[in-house]
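What you are looking at is a predicted structure, and each value in this text was computed from that prediction instead of being measured. For the single chain, residues carry numbers from 1 onward in sequence order.
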Amino acid sequence: MRVARILIATTALAAGASLIIATPAGAHTTKPLPTPTTTVLTTAVGAPFNLEVRHGRILVADGGPGIIGKVKSDGTVQTLVSGAEGASGVALSRNGKYLAYTHTVGGPPAGITDSGVTIEGPRAFKAAADTLAYEKANNPDKVNHYGLADPSQCTLDPNAPEGVPPLSYTGAIDSHAYSLTAFGNGFVLADAGANALLRISRSGTISTLAVLPPQPAKVTKAAAAGFGLNCTGDVVYNFEPVPTDVEVGGDGYLYVTTLPGGPEDPSFGARGKVYRVNPWNGKVKEIAAGLSGPTNLAISGGKLYVAEAFAGRISVIRHGSVAEYLPLPGALAIEAGRGGTLYAATGIFGPPSVVRIDTHKGWRH
């Protein structure tokens, strides 16, 4: 039921919006801050799903042409890696010597046929991490129960259209290597198909760091019937989590954005979340909710900034509350630079671009 290839297959996202009637978390209650200044750095991108700003470079994972590029001062994008189909994640190692990027081949309806991370470094170093093979061998989220909390409350309508969600199941085999960040001597990957955070060593070895929890949502009896489920009353359906980004906080913990796993259309409410993950024991804690299509996050000055694709904005999280920081139609990615400067990328739902966001002087970090 979950759309694994988030935002790459936009038609699949639209098609999925037909089951859930969710109650928004109501977290957008803080008074908006004054609008910061934005400067367009380039429009020479197609689907810029992720940025990396480190060591004086602005890198972009552009899933449109399937490249990893460097944004130059004249507004052009220099191709560093070509042929990276479905590129959506890019990260530099902490010392800046190693470049890691993702690729994903396939998608609805046939499914993903190849997904993973490539790491390149000095002296022609190159390593590959096959996340789909790891998923087939380990399936980290097999520990999660998805579907109806009580399957006995519903039956499948034999005349239901194609695409009726399963009544009950555990984690399926699926990998979508989406976003990654440098961590220690290697990287951490947010796998939007495996519903997990994976450690990727510099040599390409994979291990499970954490599994994200199911995303429960209330489904009314009427809504369920419209999708081919005959239920005795309102029910709770546990959707899969879809991790879209991971960053390292100043406290050493990992911070992760997730889509709600069910229909992502904004008409069903804002159900995206942010989690904090302990990288030493894999424990997961929800720290914010009520986000509309959170596809990326950045940490700057101890604050969390989130790109909300369906809300068309960059938001800031303060003490669990979500406030609009900057209207940005088509917001896809957000990354922190030096001195409180932020960088963002837009596309899919707005004109594609990479922009610099100069933090408002009245907003203290």
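- When atom types are taken as modelled, the side chain of Asn296 and the backbone of Ala307 share no donor-acceptor pair closer than 3.5 angstrom.
- Residues passing the side-chain contact (heavy atoms from CB on, under 4.5 Å) test with Asp157 are Asn159, Ala160, Asn230, sequence neighbours excluded.
- Counting all heavy atoms, side chain and backbone alike, Leu212 lies closest to Ala196 at CD2-CA, 4.1 Å.
- In this structure Arg356 satisfies the salt bridge (charged side-chain N to carboxylate O under 4.0 Å, His left out) test together with Asp358, sequence neighbours excluded.
- Taking the six-membered ring for Trp and the full ring otherwise, Tyr253 and Tyr255 have centroids separated by 6.0 Å or more.
- With ring centers used as reference points, Tyr305 lies under 6.0 Å from Tyr325.
- For the residue pair Ala61 and Gly89, the shortest heavy atom distance occurs at CB-N, 3.6 Å.
- Across every non-hydrogen atom of Pro243 and Thr258, the tightest pair is CA-CG2, 4.0 Å.
- Not counting sequence neighbours, the partners of Ala100 by the side-chain contact (heavy atoms from CB on, under 4.5 Å) test are Val117, Ile119, Leu180, Phe187.
- A 6.0 Å sphere centred on CG of Asn185 holds no more than 12 heavy atoms belonging to other residues, nucleotides or ligands.
- The ring pair (Phe, Tyr, Trp, His ring centres under 6.0 Å) check on Tyr343 picks up nothing, with sequence neighbours excluded.
- Pairs passing the side-chain hydrogen bond (donor to acceptor under 3.5 Å, both in side chains) check and including a residue from residues 107-121, sequence neighbours excluded, read Tyr101-Glu120, His103-Asp114, Thr104-Ser115.
- Side-chain contacts under 4.5 Å among hydrophobic residues (ILVMFWY), followed directly or transitively, place Leu132 with no other residue at all.
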Candidate pair Thr346 and Ser353, rule side-chain hydrogen bond (donor to acceptor under 3.5 Å, both in side chains), full reasoning: CA-CA 5 Å; Thr346 64; Ser353 68; 2.7 Å; yes
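- At a cut-off of 3.5 Å, with distance as the only test, no side-chain donor of Glu308 or Ser292 sits close to an acceptor on the other residue.
- Not one N or O on the side chain of Asn139 forms a donor-acceptor pair closer than 3.5 Å with the backbone of Glu135.
- Using modelled atom types, one side-chain atom of Thr220 and one backbone atom of Ala223 make a donor-acceptor pair closer than 3.5 Å.
- The distance between the ring centers of Tyr146 and Tyr237 does not fall below 6.0 angstrom.
- Within the cation-pi definition used here (under 6.0 Å to the ring centroid, within 45° of the axis), Arg271 qualifies as a partner of Phe239.
- Here Ile58 contributes atom CD1 and Lys72 contributes atom NZ; the two are 13.0 Å apart, rounded to the nearest 0.5 Å.
- For the pair Arg199 and Phe183, the cation-pi test (distance below 6.0 Å, angle within 45°) is failed.
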